[in-house]
Amino acid sequence: MNILLIEDDAVLSDGLTHILQKSGYTVSATASGNYALQLIHAQGFDLIVLDLGLPDMDGLEVLRNIRHQRIALPVLILTARDGVSDRIEGISQGADDYLTKPFDLGELEARIHALIRRCYGGFTHRIEVGRLVLDTQLHQILADGELLSLSAREAALLEILILQAGKVVSKDRIAQRLASTGEALADNAIEVYIHRLRKNLEPYQSVIRTIRGLGYLLEENSHGQ
């Protein structure tokens, strides 16, 4: 589970990064709104924690840019702006939650967990889809209790499909996630990795369906192949 932390207070950013990593998240941190927008396009994140008082642009502008491009990532605003009108503005611009500084670290973690549950279903560190298990703390994917032998990109692709099991994942979202694991993707790269995963998953009655024009969907095939 990858989190993008956009926060210009270096001490707070380092502290939050450390705490979230101890909780099993992968965290990328930046103090720049412009750079954050570049990262969002280049990498596959699952949640954004956004400060509003950034040095190069207002955090609300970052949020508007994200929503204007129809990037459907959950966003938690973390800010010192504590007025009711500020909260209303943040939510109306597309934030999913709003937490004011100073805040309790336990509350922040609880809100992040709640957002993930709301957006990705019941989230724990071990997510099961049929005979597959994604361990988000160890960054491992197991089938029937055995570690699957996958390349970095195959694992990244299967992870996002497991997180969204039963839902269609767009090719754009997949391309963002795969681009974060190495060099640029070839035009047919996604199809190649989907083909490889299908062969890996055949013995475990998990199937990846192509939803034409939309993307891919992982589901358990309880009746076998």
Side-chain angles (χ1 to χ4, degrees), residues 1-4 17-28 43-47 72-74 109-110 112-225:
M1 185 64 67
N2 294 339
I3 293 177
L4 175 60
T17 297
H18 177 70
I19 289 166
L20 292 173
Q21 286 176 338
K22 283 186 64 177
S23 294
Y25 299 107
T26 299
V27 182
S28 298
Q43 299 185 29
F45 294 103
D46 301 297
L47 182 140
L73 291 176
E109 285 197 87
I112 288 174
H113 284 307
L115 268 183
I116 290 171
R117 284 197 304 270
R118 188 192 314 164
C119 297
Y120 301 107
F123 179 79
T124 66
H125 292 306
R126 286 175 62 87
I127 302 171
E128 298 185 20
V129 180
R131 294 157 66 181
L132 302 178
V133 174
L134 167 64
D135 188 317
T136 61
Q137 281 191 312
L138 299 177
H139 300 287
Q140 294 178 342
I141 301 174
L142 302 95
D144 289 348
E146 297 292 327
L147 185 65
L148 280 177
S149 179
L150 303 171
S151 70
R153 280 184 166 169
E154 289 165 358
L157 172 52
L158 185 52
E159 177 178 326
I160 193 172
L161 290 172
I162 290 175
L163 286 170
Q164 298 275 31
K167 301 177 184 178
V168 178
V169 182
S170 72
K171 291 187 72 172
D172 286 345
R173 181 80 188 279
I174 291 171
Q176 287 180 341
R177 174 57 63 87
L178 296 189
S180 69
T181 64
E183 59 189 28
L185 292 170
D187 290 342
N188 65 338
I190 292 176
E191 288 80 5
V192 170
Y193 291 119
I194 289 288
H195 175 73
R196 292 179 185 172
L197 280 181
R198 282 175 171 149
K199 294 190 69 174
N200 274 287
L201 299 182
E202 277 179 3
Y204 307 108
Q205 297 182 334
S206 292
V207 296
I208 301 172
R209 302 198 185 280
T210 300
I211 310 301
R212 191 169 298 279
L214 296 176
Y216 300 95
L217 177 150
L218 174 70
E219 60 185 9
E220 181 185 2
N221 181 5
S222 59
H223 302 293
Q225 296 287 336

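What you see is a predicted model, and the numbers here were worked out from it, not measured in a lab.
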What residues, two or more places apart in sequence or in another chain, satisfy side-chain contact (heavy atoms from CB on, under 4.5 Å) together with [X]?
X	value
I19	L105, E109
A165	V129
R198	I194, I208, T210, Y216

Spatial distance of atom [atom1] ([X]) from atom [atom2] ([Y]) [nearest 0.5 Å]:
X	Y	atom1	atom2	result
N200	L158	CG	CG	8.5 Å
I3	Y25	CD1	OH	5.5 Å
L197	E154	CG	CD	5.5 Å
L142	Y204	CG	OH	10.0 Å
D172	I190	CG	CD1	8.0 Å
L47	L4	CG	CG	9.0 Å

If the threshold is 4.0 Å, N to carboxylate O, is there a salt bridge linking K171 and E191?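 Yes.
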Indicate the atoms forming the closest heavy-atom contact of [X] with [Y], along with that distance.
X	Y	result
F45	L73	O-CD2, 2.9 Å
G166	L217	O-CD1, 3.7 Å
I141	A155	CD1-O, 3.7 Å

So do the side chains of L201 and L132 get within less than 4.5 Å of each other, counting heavy atoms only?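 Yes; the side chains approach each other to less than 4.5 Å.
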Do I112 and L20 come close enough that some side-chain heavy atom pair is under 4.5 Å?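 Counting from C-beta outward, I112 and L20 do come under 4.5 Å.
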Identify, with sequence neighbours excluded, every residue that meets side-chain hydrogen bond (donor to acceptor under 3.5 Å, both in side chains) alongside E219. R209
Not counting sequence neighbours, which residues clear side-chain hydrogen bond (donor to acceptor under 3.5 Å, both in side chains) with E128? List them please. none
Treating D46 as the side-chain partner and N2 as the backbone partner, does any N or O pair qualify as donor plus acceptor under 3.5 Å? yes
